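Inspection log for the structure reproduced underneath, given as structure tokens.
Labels below follow one simple rule: chain letters A, B, ... track the order of the sequence lines, proteins then strands, and each chain is numbered from 1. Remember, predicted model here, so these are calculated numbers, not experimental data.
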Amino acid sequence: LTRHDLGREKLVERIWEWKAQYEKRILSQLKQLGASCDWQRLRFTLDDQCARAVRETFFKLFADNKVYRGKRLVNWDTFLQTAVSDDEVFHEATKGHFWHFNYPVIGVSGEGPKPGEPTHVTIATTRPETMLGDTAVAVHPDPAKAFDKVSAELREKIIAASSKEKGELEEQATLLLARRAKMLPQLEKLRDMALRQVQLQLPLTGRTIPLICDEWAKPELGSGCVKITPAHDENDYQVWQRSLARKGVAIGAINIMNTDGTLNENVPEKYRGLSMKKAREAVIADMEVAELLVETEDREIELAHSDRSKTPIEPYLADQWFVKMDELAESAMDAVSDGRVKIVPERYKKTYLDWLSEKRDWPVGRQLWWGHRVPVWTKRFEGLSQRDSIIAESTRIDDAIGYGDDTCFTMSHDPDGTDGVAYLCFRVAQPEGEAEAESLGYIQDDEVLDTWFSSALWPHSTLGWPEQTPELAHFYPTSTLITSRDIITLWVARMVLAGLYNMNEIPFHEVFIHPKILDGYGETMSKSKGNGVDPLDVIEKFGADSLRFGIAYLCTETQDVRLPVEFECPHCHALIPQTKKNRTLPRIECDKCKQPFGTQWALSYGTAEDQALPRGAAVSERFELGRNFCNKLWNASRFALMNLEDYKAATAGRADVKTATDGGVFVAEKELLLEDRWLLSRLATVTGEVTEALDQYRFADAARALYGFAWDEFCSFYVEMVKARFAVAEQKAVAQRVLAHALDTLLRLLHPMTPFLSEEVWQLLAEVAPCRGLTSPARPAESVCIAEWPKVDTIWIDKSIEAQFAKFQTVMGAVRNIRMEKNIPPREPVQFSVKCDAETVKLLKPMEPYFLSMAGATATAWGPKVTPPERSASKPLEGMEVHVDISAFFDAGAERTRLEKERDQLAKFVDSLNAKLSNENFVSRAPANVVEEQRAKLAEVRGQLQSVEAALGKLE
RNA sequence: GGGCGGCUAGCUCAGUUGGUUAGAGCGCUACGUUCACACCGUAGAGGUCACAAGUUCGAGUCUUGUGUCGCCCACCA
């Protein structure tokens, strides 16, 4: 349905119906979540406020002389915005024809062509119907020069071209030369005719049009002459503009199209009311009858197409409201240049500044029927007397309303006389004033304002402007605007300039431009394409925190994100990939269970049967990451809570304690085990990383840091280790305190990304451990969302502790690795020994219980003099050797294979290091520390290689 | 046509100021359900970092060019 089918009132009614449907859905979902919302009140408040602010702004601009009436070409989507039926619009995308027409020459003041001059000018067009709006035919002002220029360009191309393309290009050059020889005299003759202002007969219309000179005519194409239709073609429009700027012949512009896509009263009667497509047929037929159709040529043509209807766009000339941008744009540029508004990432500053620097006036009118209507009433006048009476009337209207500040009256005159238009603008809706104006013959403008006009006011209009509300005073300017890059110019720039204009103050301090989510094919998700995911479906399937965390995880600085979409079969829960084909279908059959289900389209254009089908959700597997993570967190939290039942807070003020950053106290330092100090160090480091990442809008970095820490360090190591300590009475209390504290901090850090989960655990944690904290045990906030953001406890950050712990992890990894490679059954106990220095022994010996619980391995010996058992699998590590006794599983062949593989790898590494170090350039030019590092590495790896070779030798 | 960005494992993406043998999740392979978690655990396989030239002792990282995909703007950045 188009607006013409319905009429304005019905259309608006329909839109409200659609809105109401959406609201109902949202409301019911809010209810399910237990939320309440006075939606009606909110909606009307916002709508009223918005309308008021729009009118106020427009009035200010109008009174400030920043609004004017101008002309521009509007790209008209004939299919979507007009009443013509589907078969009356052009659908061909690239196939088309060139029609060659002859326009008779009637010379200067009708005396006909001079002897030797052509009697006809031939033009070619892909859109014959537009000839009814022609206002000139153009020929190049200097065809010889134009030919030379094209030839020169072609020659440059030939030089740069590959040999394959060369032949073709050279052929083109030859043709061009031949054409030049043949056509130049004729074109120069036409140019001379244009200079003496020769007129042509425009067939079918009875009008005469001038032959003019303009660079748009291309001597190398067609006949070298081009018809000019300024009201329906962008390039012709430019020709018109140039002709106005030049002295001499100024051509006109005739719009031949109604807004419903039919021809208007500016064409001869027989064509009026025809659609453009029908008019084309008629024009061609009539030209043929008049014997002015020279030939028809098949051609591939490029036309601008509407993104939505896929039909070609019909440009047409329209009178429009413009807002002058010079001062406004300047103010918005300054705000960013001098840093009052900071754009993140910074490269988008360029987009913003470049666009504004053009200071192109903003056409604010739109030929739609929904939106804020332009609050201007107009009345045409002819002659001075009418003009004077209109001025008198305007005073009367003012009087009728009673306050003159709220109306603004201006007039514009036609360029050529005393006729013109009077404009009345009302500041606020004034039924009496408007009625008075209408009774005097004023008509309200039919256009509505660009949607970005009201959007530009968003930061202050939503806070009640133009009233000076407390909200406005408190919240304006806001802190950060978060948006997508494709509306930096449309929205961000305009919000800044509107804010500065209305409020005299920027609307926000920072603008964060986030990446954009695309579908699996790299296309922008959109409702009309049907390739989106419904966040509500994602929440239904994966959970709200999973969605939120998943999005944060994807929010990297540079990249757009591809999100392959799948339908979830409501019957068997299989996932069916969304394809370009199935994404617009109202019903789909499941690949797996072969049962049909409905999609989001079932409601809009499915049959009743489709609508009755259960709906398949549109989701993406990429949110599994978030779901798994949340699940992991939940289970780890459950474990912690279970084991904190007899938790006792630490007592403050003990003498033998480590003093923390803020002077508070915890447990004795000597009570803390290596793993505690490792965890606290990591926790402090990660807190710093997350805080910094969030401060800089690096959401993915924050999410990744938390994911890695929570899963690989907190769960996989600390929680695993703490299990063993809970079994030992005297170790339990300290472990509990550290665990409670770590979980507490982790929840605070996670809260921005997993608010529901962290809040739930926070509440449960408060039950078992109401008083917690490292430095000064205290009762935390009653909700995590108001809990203080964790500070970085730098006192715990200890790189040497982390390095020591890494040693433990490496040995653990080596033992596990050997177990797997030797196919030792998981529950089979093994024994191992480690050759290492005395310091490492001190470090690792206390960890023996963990080797048992986490790798099923018992240590038999530690120290520098350890020798491998008779039948063992060995692994060289940095400064250590791990030997696992595998007498029960010994397989000499397999062990040899493993060692040989290891040897080859190490040998390769040694070679590459050797090569580097024997390169004199490297040794002399690289920084000393880098060279030293490489040397140390080489020594280390050589040692490892030797031990592998020794183990191999022993096997023999 | 101009501007911006992407191209790294089968897929989706990280990769700081150039410096060890380039990482993660999913998927894949093998093994494992007994004490938080199979939405799990342990281990493993998998990469000519789009291509070409250059700078450098050394390039995924810097420079230039080419290809390709995407977005924005298009008489003008």
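- Every residue meeting the side chain to side chain contact (heavy atoms under 4.5 Å, CB included) condition with A:D361, not counting sequence neighbours, appears here in chain and number order: A:Y68, A:F322, A:K324, A:M325.
- Counting non-hydrogen atoms under 4.0 angstrom, A:Y707 reaches the backbone sugars and phosphates but no base.
- Shown here are the side chain to side chain contact (heavy atoms under 4.5 Å, CB included) partners of A:K218, two or more places apart in sequence or in another chain: A:W216, A:E220, A:L221.
- For A:F542 and B:C39, the CZ to P distance is 13 Å, given to the nearest whole Å.
- A:N631 is linked by a side-chain hydrogen bond (donor to acceptor under 3.5 Å, both in side chains) to A:N635, counting only residues two or more places apart in sequence or in another chain.
- Sorted by first then second residue, the salt bridge (Lys or Arg N to Asp or Glu O under 4.0 Å) pairs that include residues 711-724 of chain A, not counting sequence neighbours, are A:R682-A:E713, A:E720-A:K723.
- One finds no side-chain N or O of A:T556 lying less than 4.0 angstrom from the OP1 or OP2 phosphate oxygen of B:C13.
- Other residues, nucleotides and ligands contribute more than 12 heavy atoms inside 6.0 Å of the CD atom of A:E828.
- As judged by a 4.0 angstrom heavy-atom cut-off over every strand, A:E692 is placed among residues making no nucleic acid contact.
- Nucleic acid contact for A:S912: sugar-phosphate only, since backbone atoms but no base atoms lie under 4.0 Å from a heavy atom of the residue.
- Distance noted for atom C1' between B:C40 and B:U33: 9 Å (whole Å).
- Straight-line distance from the CG atom of A:N929 to the P atom of B:U20: 12 Å, rounded to whole Å.
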Using nucleotides 67-73 of chain B, report all nitrogen or oxygen pairs with the protein that are shorter than 3.5 Å.
residue, atom, partner, partner atom, Å
B:C71, O2', A:R485, NH1, 3.2

Restricting both atoms to N or O, compile the protein contacts to nucleotides 40-49 of chain B shorter than 3.5 Å, with distance only.
residue, atom, partner, partner atom, Å
B:C40, OP1, A:N628, ND2, 3.4
B:C40, O3', A:K632, NZ, 3.3
B:G41, OP1, A:K632, NZ, 3.2
B:G41, OP1, A:W711, NE1, 2.4
B:A43, O3', A:N817, ND2, 3.1
B:G44, OP1, A:N817, ND2, 3.0

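- Between the CG atom of A:D701 and the C1' atom of B:A24 there is a distance of 13 Å, rounded to whole Å.
- The separation of B:G27 from B:G41, taken at their P atoms, amounts to 12 Å, rounded to a whole angstrom.
- B:G3 atom P lies 17 Å from atom CD1 of A:I488, rounded to whole Å.
- In this structure, the ring of A:F512 has its center less than 6.0 angstrom from the ring center of A:F699.
- Positionally, the nearest nucleotide of RNA chain B for A:F909 lies more toward the 5' end than for the other of A:F909 and A:M642.
- Counting only heavy atoms from C-beta on, A:R704 has its side chain closest to B:A14 among B:A24, B:A14, B:U21.
- In this structure, A:K723 reaches the B:A36 phosphate: one of its side-chain N or O atoms is under 4.0 Å from OP1 or OP2.
- In this structure A:Y237 satisfies the ring pair (Phe, Tyr, Trp, His ring centres under 6.0 Å) test together with A:W240, sequence neighbours excluded.
- Separation of the P atoms belonging to B:G47 and B:G10 is 7 Å when rounded to the nearest angstrom.
- Going from atom OH of A:Y553 over to atom P of B:A14 covers 10 Å, rounded to whole Å.
- Listed by first and then second residue, the side chain to side chain donor-acceptor pair (under 3.5 Å) pairs that reach into residues 903-920 of chain A are A:N914-A:R942, sequence neighbours excluded.
- Looking at RNA chain B, the stems built from 3 or more consecutive Watson-Crick or G-U wobble pairs, each pair with its key distances under 3.5 Å, are B:1-7 with B:67-73, B:10-13 with B:23-26, B:28-32 with B:40-44, B:50-54 with B:62-66.
- Taking the P atoms as reference points, B:C13 lies 15 Å from B:A50, given to the whole Å.
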Would you sort out whether A:D701 and A:E689 count as a side chain to side chain contact (heavy atoms under 4.5 Å, CB included), showing the intermediate values? CA-CA 8 Å; A:D701 286 350; A:E689 284 169 11; over 6 Å; no

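- Comparing B:U21, B:A24, B:C31 against the side chain of A:P826 picks out B:C31 as the nearest.
- Remark: A:W634 pairs with no residue by the ring pair (Phe, Tyr, Trp, His ring centres under 6.0 Å) rule, at least two apart or across chains.
- When the P atom is used for both B:G5 and B:A53, the distance is 25 Å, rounded to whole Å.
- Each of B:G3, B:U34, B:A36 was ranked by its minimum atom distance to the side chain of A:A636; first place goes to B:A36.
- Between the C1' atoms of B:A59 and B:G46, the separation comes to 24 Å (whole Å).
- Partners of A:Y553 under the ring pair (Phe, Tyr, Trp, His ring centres under 6.0 Å) rule, at least two apart in sequence or in another chain, are A:Y707.
- Residue A:K350 contributes atom NZ, which lies 14 Å from atom C1' of B:G5 at whole-angstrom precision.
- Counting any heavy atom pair closer than 4.0 Å across all strands shown, A:C630 reaches no nucleic acid atom.
- On the C1' atoms, B:G6 is 16 Å away from B:U61, given to the nearest whole Å.
- Across B:U16 and B:U42, the matching C1' atoms stand 32 Å from one another, rounded to whole Å.
- Where A:P564 and A:P927 meet RNA chain B, the nucleotide closest to each residue was compared, and A:P564 sits on the side nearer the 5' end.
- Here A:F808 pairs with A:F805, A:F851 under the ring pair (Phe, Tyr, Trp, His ring centres under 6.0 Å) rule; sequence neighbours left out.
- Atom CE of A:M854 and atom C1' of B:C35 are 15 Å apart (whole Å).
- For the residue pair A:W362 / A:D450, a side-chain donor-acceptor distance below 3.5 Å is found, with atom types taken as modelled.
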